[in-house]
**Q** 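One structure, as structure tokens, below. Some questions next.
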Protein chains: 2
Amino acid sequence: MHRHKKITDSLKNSPLADFKVGVDNVIFSVDTAQNRLMVLLVMRHDEPFLDQWCLPGTLVRHGESLEDAAYRILAEKIKVENLYLEQLYTFGDPGRDPRESPSSFGVRYLSVSYFALVRFADAQLIANGVSGIAWYPVKQVPQLAFDHNEILEYGYRRLRNKLEYSPIAFEVLPEVFTLSDLYQLYATVLGENFSDYSNFRTRLLKLGFLSDTGLKASRGAGRPASLYRFDAEAFAPLKDKPLVFI
Amino acid sequence: MHRHKKITDSLKNSPLADFKVGVDNVIFSVDTAQNRLMVLLVMRHDEPFLDQWCLPGTLVRHGESLEDAAYRILAEKIKVENLYLEQLYTFGDPGRDPRESPSSFGVRYLSVSYFALVRFADAQLIANGVSGIAWYPVKQVPQLAFDHNEILEYGYRRLRNKLEYSPIAFEVLPEVFTLSDLYQLYATVLGENFSDYSNFRTRLLKLGFLSDTGLKASRGAGRPASLYRFDAEAFAPLKDKPLVFI
């Protein structure tokens, strides 16, 4: 965890860098029908990286906040009911954008990344102004433009983290769900070995914010499964307490 | 948690903003002798906010990464053995710096903030190039320049979070410590009511990465207390598991 850095004294006297600031969104969704974690990609129709896939992004305009730029690009790409964005990380190494020539004293490009998780069934893609737009399975994402594979990796870490420590799963599940649906969602994001079903079930029920609706779902062979809903009121007192969900 | 944002369509066609990018460090330390959480402030010796306290920061230079700028400013302000910085959050609302005039089509100032926790006894302040430098008790921080009170508040949240979910406390405690030292550190940062001592003690010992050194500390009246050390090897298998420390 400890790190030392040599400080280049010469830098102290070099001129200030000029920046354009971009916002790039890592928008995840879970395709619950096929148990796949998806990420939204768009195809670039400009140089650099013409015709390559990248995260949906934009450059920040006069008078626009970073968050407004993130919501703007999101609203341009998908229609979705509920939508929650949070800032992820800022990438700003020199040379991360080929528009900065290596020897240049010119403009640098900074990317402030944002993270979102949307309900797959609700999200409608908008194809305006891009040559392509697609939900890609995270496991099959191609080489992306710029350092976007790195940004995606960072977002994926944040998503796993949020599943472990926050009730974010209930924002993408339907209103009522079986414990097996919930388990499947966790397994899709965290991998099959994150916990066995019976431990997961016991733990989640013990936390006390899943209410049995009394309804049953019957799917396939087995006996009908109980349908639960997330009880926000029961969760409220836990909200600011440190808590592990798995 | 859900938020909707109106998108101002007019912004889509307004020109790209130009930015200077600053790095501001929230450097915390715990004065264990007096049980106070401290933050490092410097006094500005330039306009704007001449003679006001602020977080130590700098503007990013040609060829310099954000992280290098953060380490550069830190190395200019304190000498410290072990030092760990992580990115905190990026603040970029229009108008956050008075050098952007409100109606201006001019340059905006973005702040990428970094977070550090250093050992109080080890950290030596360096007073070069500032009119003042001081460890301020977090509870007595004055009005700071720019939006630095907001950045500090964000850093304080991150610090509490890290104490709850990570072994960061052991980076600022001495090599060997009593459970009461550890409790006091947590109470100093999280407030007295975060847990009672006996629960805290039981929980931490159960996690299995505190080794009893066999040594005793005798301070004040009571009977001598056992001295523990953090066992990094015992902690290793827990490193990537979701875990709550309190």
Side-chain angles (χ1 to χ4, degrees), chain A residues 1-9 11-21 58-72 74-76 81-85 87 89-95 104-105 107-108 110 112 161 163-165 167-168 171 241-246, chain B residues 1-9 11-21 58-72 74-76 81-85 87 89-95 104-105 107-108 110 112 161 163-165 167-168 171 241-246:
Chain A
M1 224 160 130
H2 295 298
R3 298 177 54 169
H4 278 275
K5 282 266 175 180
K6 282 247 172 77
I7 304 304
T8 319
D9 269 333
L11 276 177
K12 272 171 65 173
N13 303 313
S14 81
L16 299 182
D18 293 306
F19 288 88
K20 301 289 185 191
V21 173
T58 188
L59 291 166
V60 177
R61 306 194 176 262
H62 280 298
E64 190 176 39
S65 73
L66 302 174
E67 206 185 34
D68 285 349
Y71 278 102
R72 170 165 63 82
L74 203 139
E76 282 174 19
E81 281 288 298
N82 286 317
L83 140 50
Y84 167 71
L85 267 180
Q87 201 185 92
Y89 199 80
T90 297
F91 295 81
D93 277 356
S104 156
F105 270 42
V107 172
R108 283 181 40 195
L110 197 83
V112 183
N161 222 264
L163 274 187
E164 290 167 356
Y165 294 114
I168 196 175
E171 299 189 31
K241 297 237 166 72
L243 194 65
V244 168
F245 283 71
I246 63 171
Chain B
M1 226 160 127
H2 295 297
R3 299 176 53 167
H4 277 276
K5 281 266 172 178
K6 282 250 172 75
I7 305 304
T8 319
D9 269 335
L11 276 178
K12 272 171 63 173
N13 303 314
S14 80
L16 300 183
D18 293 306
F19 288 88
K20 301 287 185 192
V21 173
T58 188
L59 290 166
V60 177
R61 309 198 173 259
H62 281 299
E64 189 177 40
S65 73
L66 302 174
E67 206 184 34
D68 286 348
Y71 277 103
R72 169 165 63 83
L74 203 140
E76 281 173 19
E81 280 287 300
N82 286 315
L83 136 51
Y84 167 71
L85 267 178
Q87 201 185 92
Y89 199 80
T90 297
F91 295 81
D93 278 356
S104 155
F105 270 42
V107 171
R108 282 178 43 193
L110 197 83
V112 183
N161 221 265
L163 273 187
E164 290 167 357
Y165 293 115
I168 196 177
E171 300 189 28
K241 298 236 164 72
L243 193 65
V244 169
F245 283 71
I246 62 170

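Values reported hereafter were calculated over all heavy atoms of this structure, with side chains retained and with hydrogens, waters and symmetry mates removed. Every chain is numbered from 1, with letters handed out A, B, ... down the list of sequences.
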**Q** Pick from Gln87(A), Lys241(A), Lys20(A): which one has the most heavy-atom pairs with chain B under 4.5 Å?
**A** Gln87(A)

**Q** Of all the heavy-atom pairs spanning His62(A) and Leu16(B), show the shortest one and how long it is.
**A** NE2-O, 3.5 Å

**Q** Give me the atom names and distance for the closest heavy-atom approach of Pro242(B) to Val244(A).
**A** CB-CG1, 3.6 Å

**Q** Under 4.5 Å from any heavy atom of chain A, what part of Val112(B) do you find: side chain, backbone, both or neither?
**A** side chain

**Q** So which residue, Leu243(A), Thr58(A), Ile246(A), Leu74(A), ends up with the most heavy-atom pairs under 4.5 Å with chain B?
**A** Leu243(A)

**Q** Please look at Leu110(B) and chain A and tell me whether the side chain, the backbone, both or neither of the residue comes under 4.5 angstrom of a heavy atom of that chain.
**A** side chain

**Q** Which residues pass the side chain to side chain contact (heavy atoms under 4.5 Å, CB included) test with Ala70(B), sequence neighbours left out?
**A** Val23(B), Asn25(B), Leu85(B), Tyr114(B)

**Q** So which part of Phe91(B) gets closer than 4.5 Å to some heavy atom of chain A, the side chain, the backbone, both or neither?
**A** backbone

**Q** List the residues meeting side-chain hydrogen bond (donor to acceptor under 3.5 Å, both in side chains) with Glu164(A), not counting sequence neighbours, and say none if there are none.
**A** none

**Q** Within the distance-only criterion (no hydrogens, no angle test), does the side chain of Tyr89(B) pair as donor or acceptor with the backbone N or O of Tyr89(A) below 3.5 angstrom?
**A** no

**Q** Which pair of heavy atoms, one from Arg61(A) and one from Ser14(B), lies closest together, and at what distance?
**A** NH1-O, 2.9 Å

**Q** What pair of heavy atoms forms the shortest contact from Ser65(A) to Arg108(B), and how long is it?
**A** CA-NH2, 4.2 Å

**Q** Go through it in stages, so that I can follow the logic: the residues are Leu66(A) and Thr90(B), the test is side-chain contact (heavy atoms from CB on, under 4.5 Å), and I'd like the CA-CA distance, side-chain angles, deciding distance and then a yes or no.
**A** CA-CA 9 Å; Leu66(A) 302 174; Thr90(B) 297; 3.8 Å; yes

**Q** Look at Pro94(A), Gly92(A), Gly95(A), Ala69(A) and state which one has the largest set of heavy-atom pairs under 4.5 Å with chain B.
**A** Pro94(A)

